[in-house]
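The structure under discussion appears below in the form of structure tokens.
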Amino acid sequence: FAFTHGGLNYPVQDFAISRAQPGAIAGTVTSLATGAPLATIQVCAYQALLPEDEDGEEGEEQQQTAQVDQYERGALIGCDTTAVDGTFTIADVPPGPVIVEADGTVQGYGTDEAVVTVEAGNTTNVDLALTAAPGQIAATVTDMDGNPLVDATVEVMADGAVVASGVTDANGEVIID
């Protein structure tokens with residue numbers, strides 16, 4: 001026997017609203033030149049935002065055609081530091097497009113970034129490779145008796161071509177940028 005109010009009997013449906021499970025980002029940071037894993041590199045994840053179109057909206061068509069360099073960096077989501085084997089994991093990443101950046105400037109490397117799409121409850125893998133930061137070469141040129149050679153030309157070569165050079169000073173020393 002059921003009571004109704006005003007002759008209406010509405011069905012009752014229980015439900016719960018929950019947020020999508022976060023995902024994670026994992027990967028390895030390596031040297032672009034050698035492929036060796038890089039330790040102590042900071043890797044951070046940021047929201048990847050598409051700029052608004054002329055109407056002030058992010059259209060579906062715009063999202064489908066966006067290139068990596070078309071995203072704007074949003075809020076910081078989280079960071080991790082690479083282990084000895086170059087691996088990192090950033091947990092609790094909300095689903096959607098994310099900019100992942102490895103910053104090796106403190107360790108004498110450059111930076112690398114990628115845009116990945118994180119799916120709810122899954123781990124998205126991304127590997128990043130860093131170039132060596134610009135540096136200097138310091139050399140001392142001496143003869144067989146250890147005396148400095150003045151005005152000696154020192155050349156830096158890559159793939160058989162001279163990419164930089166310098167001339168030694170009165171102490172036989174040269175610094176090449």
Side-chain angles (χ1 to χ4, degrees), residues 13-138 156-166 175-177:
Q13 179 69 38
D14 289 332
F15 66 94
I17 298 175
S18 63
R19 292 180 180 227
Q21 292 288 330
I25 299 172
T28 304
V29 178
T30 58
S31 164
L32 183 64
T34 66
L38 299 177
T40 70
I41 303 294
Q42 184 176 35
V43 182
C44 292
Y46 301 88
Q47 289 177 328
L49 306 174
L50 284 171
E52 294 180 353
D53 63 16
E54 291 131 22
D55 299 329
E57 297 179 8
E58 290 181 14
E60 186 175 318
E61 183 177 318
Q62 185 182 6
Q63 286 181 347
Q64 291 175 355
T65 61
Q67 301 296 318
V68 171
D69 60 351
Q70 290 178 319
Y71 284 97
E72 293 178 359
R73 184 175 294 186
L76 175 67
I77 296 169
C79 296
D80 191 22
T81 301
T82 57
V84 173
D85 62 356
T87 59
F88 67 91
T89 301
I90 302 172
D92 297 322
V93 179
V98 175
I99 297 172
V100 182
E101 180 187 53
D103 184 351
T105 54
V106 173
Q107 295 81 359
Y109 287 88
T111 61
D112 190 18
E113 68 179 24
V115 175
V116 297
T117 300
V118 175
E119 294 182 13
N122 291 328
T123 299
T124 302
N125 291 310
V126 59
D127 294 328
L128 301 165
L130 305 183
T131 57
Q136 295 181 324
I137 297 174
V156 179
M157 301 184 74
D159 297 323
V162 176
V163 295
S165 65
I175 295 178
I176 303 171
D177 291 320

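- Side-chain contact check for Met157 versus Val163: every heavy-atom pair is 4.5 Å or farther apart.
- Considering every non-hydrogen atom in both Leu76 and Ala45, the closest pair reads CD1-O, 3.5 Å.
- Put simply, the side chain of Val93 does not reach to within 4.5 Å of the side chain of Pro22, judged on heavy atoms.
- Between the side chains of Gln42 and Asp103, not a single donor N or O lies within less than 3.5 Å of an accepting N or O.
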Passes side chain to side chain donor-acceptor pair (under 3.5 Å), Glu119 versus Thr124? Steps please.
CA-CA 7 Å; Glu119 294 182 13; Thr124 302; over 6 Å; no

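- The two atoms that bring Gly78 and Ile90 nearest to each other are O-CD1, 3.9 Å, heavy atoms only.
- A heavy-atom distance below 4.5 Å is not found between the side chains of Thr30 and Leu38.
- For the pair Gln47 and Ile99, the tightest heavy-atom approach, listed with the atom from each and the gap, is O-CD1, 4.3 Å.
- Proximity of a side-chain donor or acceptor of Glu101 to a complementary backbone N or O of Ala114 within less than 3.5 Å is not detected.
- Side chain of Asp127 to main chain of Thr28: a donor-acceptor pair is present (N/O by atom type, distance under 3.5 Å, no hydrogens or angles).
- At a threshold of 4.5 Å between non-hydrogen side-chain atoms, the residues Ile41 and Leu130 count as touching.
- For the pair Ala102 and Leu128, the tightest heavy-atom approach, listed with the atom from each and the gap, is CB-CD1, 3.6 Å.
- When all heavy atoms are compared, the tightest approach of Tyr71 to Val115 is CE1-CG1, 3.8 Å.
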Side chain to side chain contact (heavy atoms under 4.5 Å, CB included) for Thr123 and Ile25? Distances and angles first, verdict last.
CA-CA 5 Å; Thr123 299; Ile25 299 172; over 6 Å; no

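- Of all the heavy atoms in Leu32 and Ala129, the pair that sits closest is CD1-CB, 3.9 Å.
- Side-chain contact between Glu113 and Arg73 is present, with at least one heavy-atom pair separated by less than 4.5 Å.
- Put simply, the side chain of Ile137 reaches to within 4.5 Å of the side chain of Val156, judged on heavy atoms.
- Screening Thr87, Asp85, Val43 against Val29 for a side-chain contact (heavy atoms from CB on, under 4.5 Å) leaves a single residue, Val43.
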